Amino acid sequence: KNCLTMVEEWVTSDWFQVILFLVTFIAFMLLMEFFRWFPTINLYLSFLAFCVLMPFQIGVIPGFNPGGFGTIAKFFLIVPFLVLLCGWRLAYMPLEDRTNKLRACTIKCCKYVFCCMPDKMTVGSDKLRPRKLMEWCWFLLASINILVAVIPGFMWGSYTNPIAGILLAFSFPIPGRLINNYHGIYMTNKYNKGKVYDGVADGLTFFWVVCFTSWDLLFVFTHVTEDFLLHSFHLVPNCLRCVVTREFDLWAELRVFTFAVQLCMVAPMRGEENAIGDWYLNTENVPGIMDASKNQWIVEIWGSVNILLVVIHWILWIKELIRRHGVALEDVDQVLYIDWDGDGSITVNDEKDNLDRAVQMGDNNKTESEPLMDDL
């Protein structure tokens with residue numbers, strides 16, 4: 001009994017929570033890169049995690065408590081969206097290696113589903129591309145998630161952080177052709193030397209990425225303080241990764257992954273007895289954070305900093321929109337298949353004969369050197 005008491009005191013101590021946070025942080029950094037470089041594996045892992053953990057989330061497994069309404073709703077939105085994101089990325093990848101039959105079959109299926117490549121898999125696919133629907137879903141998921149989270153702040157009499165949240169929601173990359181000829185989210189292989197494709201969010205800046213991370217941390221710090229440590233480990237790694245590499249437009253893709261993993265992790269941690277959540281990154285075991293969350297001055301000053309960050313982003317983004325306003329559609333530098341040459345220029349990828357295939361399909365109005373403007 002004494003031994004069990006010592007172990008319980010050990011795992012609930014402040015310093016042990018710090019060790020757990022560091023270990024989880026490093027694990028998430030590695031998992032993010034694994035997610036980016038192996039989309040096929042992650043497609044199946046994400047689908048498997050959704051099927052296996054869904055019963056835990058809704059509370060049909062004996063001995064486990066269900067999640068709250070908000071947690072369950074996020075689980076059913078974010079985790080399937082991660083599956084779609086993996087499929088969307090695979091739909092752009094060329095079928096170069098046919099020896100791996102599982103990977104080749106998966107890519108073919110993704111091309112059929114998303115219809116985003118004018119090759120033999122999608123003959124005559126001149127309809128509205130499903131990838132445009134993905135772009136809208138991404139925008140709505142991000143914006144609605146932020147706007148719903150600002151309501152408790154207004155209800156509790158704190159205004160700085162909710163105002164910052166509203167500014168964040170309406171400055172997330174907007175789908176193409178609403179205010180300019182640029183896509184809000186599009187696929188590119190510019191960061192991976194042509195090996196894999198990423199969904200990049202056009203227009204995200206250092207200030208937006210840092211502000212969202214700070215805003216979300218403050219929301220949890222204020223309203224669900226006991227989840228502050230558990231929530232922060234899936235926010236900080238992708239923010240730090242984007243800031244260090246200066247690849248800010250990758251933040252949205254990494255956010256989907258880390259959020260989905262966090263939702264999957266908490267599903268089996270709500271046992272009725274000896275729950276993992278009682279000791280794993282539970283902020284209630286760190287009295288200093290719990291006490292600080294009750295200090296209104298800390299909350300308001302932190303929220304004011306968030307407003308400053310998002311206002312700077314708005315200034316930079318509005319200046320960029322003004323610059324783009326006079327750009328003709330044929331001069332837009334976002335094309336469906338692009339390579340990053342390293343000198344800032346964007347060129348059509350010659351390794352893929354997508355344009356040749358488009359011509360063979362009867363699109364005689366486009367030449368080999370022109371982008372697929374119907375897809376913009």
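Since the structure is predicted, the reported quantities are computational estimates derived from the model, not experimental observations.
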Under 4.5 Å between side-chain heavy atoms, hopping through other hydrophobics if needed: is there a path connecting M54 to F69? no

Measure the acute angle between the ring planes of F219 and W215, then classify it against the limits of 30° and 60° as parallel, tilted or perpendicular. parallel

Take the angle between the ring planes of H231 and F259 and call it parallel below 30°, perpendicular above 60°, tilted in between. perpendicular

Would a hydrophobic clustering, with Ile, Leu, Val, Met, Phe, Trp and Tyr connected at side-chain separations under 4.5 Å, put F170 with I322? yes

Is F76 atom CZ crowded by more than 12 heavy atoms from other residues, nucleotides or ligands, each under 6.0 Å away? yes

Pick from C242, S232, C239: which one makes a side-chain contact (heavy atoms from CB on, under 4.5 Å) with T213? C239

Provide the full list of side-chain hydrogen bond (donor to acceptor under 3.5 Å, both in side chains) pairs with a residue in residues 163-173, sequence neighbours left out, each pair given once. S171-W208

If you look at every heavy atom in L309 and V210, which pair is closest and at what distance? CD1-CG1, 4.0 Å

Linking I/L/V/M/F/W/Y whenever any side-chain heavy atoms sit under 4.5 Å apart, do V209 and I315 land together? yes

Shared ILVMFWY cluster between L218 and I301, side chains joined below 4.5 angstrom? no

Aromatic plane relationship, F50 with F75 - under 30° parallel, 30 to 60° tilted, over 60° perpendicular: parallel

Quick one: closest heavy-atom pair of G67 and I72, and the distance? O-CD1, 3.4 Å

Main-chain N/O of T40 paired to R89 side chain as donor or acceptor, under 3.5 Å: no

Do the ring planes of F38 and F34 sit parallel (below 30°), tilted (30 to 60°) or perpendicular (above 60°)? tilted

Taking the six-membered ring for Trp, are W251 and F248 closer than 6.0 Å centroid to centroid? no

Crowding at CZ, F154 (>12 non-hydrogen neighbours, <6.0 Å): yes

Pairing residues for E300 by the salt bridge (charged side-chain N to carboxylate O under 4.0 Å, His left out) criterion, not counting sequence neighbours: none

How is the hydrophobic cluster of L102 composed, in terms of its other members, when Ile, Leu, Val, Met, Phe, Trp and Tyr link through side-chain heavy atoms under 4.5 Å apart, directly or indirectly? Y44

For the residue pair F172 and F212, is the inter-centroid distance of their aromatic rings smaller than 6.0 Å? no

Could you pull out the closest heavy-atom pair between I166 and V150, with the gap in Å? N-CG1, 4.1 Å

Which is it for F221 and W302 under the ring-ring contact (aromatic ring centres under 6.0 Å, His included) test, yes or no, and what are the steps along the way? CA-CA 11 Å; F221 179 78; W302 191 346; 5.4 Å; yes

